[in-house]
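Okay, structure first, notes after.
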Amino acid sequence: MSIALSEQEIIRRESLQQLRALGINPYPAEAFDVNAWAQDITDNFNNKPEAYQNVVIAGRIMTRRIMGSASFAELQDSTGRVQIYLKRDDICPGEDKTLYNTVFKKLLDIGDYIGVKGYVFLTQTGEISVHVRELIVLSKSLKPLPVVKREEDGTIHDGFTDPELRYRQRYVDLTVNPNYKQIFINRSKVISSMRNYFNAQGWMEVETPILQPVHGGAAARPFATHHNTLDMPLFLRIANELYLKRLIVAGFDGVYEFGKMFRNEGMDRTHNPEYTAMEIYVAYKDYIWMMAMVEECLETVAKAVHGIPVVQVGNNEINFAGPYEKLSMYDSILKYTGIDVSAMDEAGLRETCKELNIEVNPTMGKGKLIDEIFSAKVEHNLIQPTYITDYPIEMTPLAKKHRTKDGLVERFELFVNGKEIANAYSELNDPIDQRERLEEQLILAGRGDDEAMAMDDDFLRALEYGMPPTSGLGVGIDRLVMLMTNQSTIQEVLFFPQMRPEKKAKVASADDFINAGVPAEWVPVLNKMGFNTVEELKAGNPNKVFNDLGGMRKKLKLDITMPAKEVVMAWFE
RNA sequence: GAUUCCGUAGCUCAGCUGGUAGAGCAUAACACUUUUAAUGUUGGGGUCCUGGGUUCGAAUCCCAGCGGGAUCACCA
């Protein structure tokens, strides 16, 4: 980021002052009530022209084509763009043509918000346009927007495409690339349709703590923080599972929460340090019931976004209408590798990994080895929604042991387009079994596994009072939105993805320079020369600075007196 | 974390085997009463990401750093 204002920014600030000098408030306080929107006008004018003879619209000026005493501009509001037509003598009926000649032509810029009253008509070339009778300045823009040119056939010139700028300045991105707004509108539809579906079943939306003394419910590295008054460590939640289960203990039949989770781990195109999860717990149900619920729920969501349950994702057409294919973990490996691992011990699994060219290390136990084979050979094949069921017990400390299969738990994960998007259990409600499983996690933690689950004594106490049989489900909302909007990176479905902080150059205030003896009018010149702090100036060569000041004075055609050489020398003392 | 590519005007980008920076849009001035990537004429605008090095000379070559992208690894 440049420190000094660019030429265009200086000109806009001057325009701002000139507007004020003309008695025009560039930031008026009064409400400006509109009665029409761009999309409504362009969609419906031809059918009902009489309804658009007194329109009031507001938005940003996005393009201008000035032709003497008439001009065209495009106004962009929340719904789209509509062309406006301004004629000097129409907006300035009297002798005074300032509003057109000076305000519109000189002092307004691309990006400024204006309000307009007029009537809609068809130009000679057939474009629906608003003929302006009145124009009011609503907000002056001081930074030039990137200008993205679009041809009628959709060709884009000079697109604003740099991902860094788009993510850091999402407000600019969505202004000049309004097509991306649809992703976020669809994100909102995913969440609201899911919420409506849950509410219709009678389940209750709740909120549970984000600041937790014990980071339970998942295996991940947390963000740590500290509460001053209580003088205690706290963690930003990595999951809310254990709190929602406490509410089932408390006697609610169904509770759910949409919320941010925080994981202190790597970032890539499917991981952001804070992300949104939806977790739901329903009493007296099991994971088999949950599969049917998920099918109905996701079909509802897909229809809310697209009108049909089929969604185009990359090159695949994905059908969210159930029932989905169900494969046990072992059967899925058998299906895609031809190898039956169900009866293998750790040594056998290790040998199988070697044959399949899967890298393993000695710390991996049985569950982890099976997971490695699954990730390498099965996962990417699961394009249509598929439930993988019945996981090895080792990696799942919160799920109930399988009703018939030894060594497995009642769990499923839903895979779509080769990625996991949901995870569900018949929840473990045996408090003694639960305590033993968490103790095993403690042993792992003791061995240095910083992602092992922590002991949560209060959660165990709650279970000891008794939790009904319950099924629980977690859905990664960001990844679901990626599927529903056909996006391949999580950044595109987050308004403000996490970024490294921008480097900010240190800039001394003008007063600091003045205190050092620099006349006020010369401060901007020094800034222009690259001296942003008094220290930087003092580090410079006094004679060179003196000579350069003269050079800058000439170059910038400054009408200010040159300081005496002794004055300049004094800056360096 | 590894590999690799990128960083030049407000934006999108050129810039060759090293010789003191260019284009389009935006911007400024003038002209123009139905244009639409408006047009015509003229002008202004740069810490070539930062810091070192090589060289008579670096946007360009080398090293380090910062920021970003992609791929991979890590990650229920």
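Any value given below was found using the heavy atoms of this structure, including those in side chains, with hydrogens, waters and symmetry copies removed. Order of the sequence lines sets the chain letters (A, B, ...), proteins ahead of strands, with each chain counted from 1.
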Would you mind reading off the distance between [X] atom [atom1] and [N] atom [atom2], rounded to a whole angstrom?
X: A:R221; N: B:C75; atom1: CZ; atom2: P; result: 9 Å
X: A:R150; N: B:U35; atom1: CZ; atom2: P; result: 23 Å
X: A:I66; N: B:U34; atom1: CD1; atom2: P; result: 15 Å
X: A:L165; N: B:G7; atom1: CG; atom2: P; result: 14 Å

| Mind checking the P distance from B:G52 to B:G68? Whole angstroms is fine. |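 It works out to 24 Å between them.
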| said: Rounding to an integer number of angstrom, what distance separates B:G10 and B:G46 when you compare their C1' atoms? | reply: 12 Å
Contact class for [X] vs. all strands (heavy atom < 4.0 Å): base, sugar-phosphate, or nothing?
X: A:E413; answer: nothing
X: A:Y100; answer: nothing
X: A:Q491; answer: sugar-phosphate
X: A:K105; answer: nothing

| Distance-minimising heavy-atom pair for A:D173 and A:R166 | OD1-NE, 2.9 Å
| field | A:A220 to A:H215 - nearest heavy-atom pair and separation | value | O-CD2, 4.3 Å
Partner nucleotide of [N] by Watson-Crick or wobble geometry (both distances under 3.5 Å):
N: B:A28; value: B:U42
N: B:G19; value: B:C56
N: B:C48; value: none
N: B:A14; value: none
N: B:A73; value: none

| request: Please work out which of the three classes, parallel, tilted or perpendicular, describes the rings of A:F258 and A:Y256, given edges at 30° and 60°. | output: perpendicular
| request: Give me the ring orientation class for A:H131 and A:Y85: parallel if the planes are under 30° apart, tilted from 30 to 60°, perpendicular past 60°. | output: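 The arrangement is perpendicular - the two ring planes meet at more than 60°.
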Report yes or no: is there a donor-acceptor pair, N or O only, under 3.5 Å between the side chain of [X] and the base of [N]?
X: A:Y85; N: B:A38; answer: no
X: A:D268; N: B:C75; answer: no
X: A:E127; N: B:U35; answer: no

| query | So does A:R65 get a side-chain nitrogen or oxygen closer than 4.0 Å to the phosphate oxygens (OP1/OP2) of B:A38? | reply | yes
| said: Does B:G67 have its OP1 or OP2 closer than 4.0 Å to a side-chain nitrogen or oxygen of A:R500? | reply: yes
| task | Using modelled atom types only, decide if a donor and an acceptor are shared between the side chain of A:Y391 and the backbone of A:T396 within a distance under 3.5 Å. | result |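 Flag not set: sc A:Y391 to bb A:T396 has no pair under 3.5 Å.
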| query | Within the distance-only criterion (no hydrogens, no angle test), does the side chain of A:T98 pair as donor or acceptor with the backbone N or O of A:T102 below 3.5 angstrom? | reply |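 Answer holds: no.
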| query | For every nucleotide of nucleotides 21-26 of chain B, 5' to 3': is a protein heavy atom under 4.0 Å from its base (B), only from its sugar-phosphate (S), or from neither (-)? | reply | ---BSB
| task | May I ask you to say whether A:E74 pairs ionically with A:R150, meaning some side-chain N is under 4.0 Å from a carboxylate O? | result | no
| Quick one: do the A:Y180 and A:R170 side chains pair a donor with an acceptor below 3.5 Å? | no
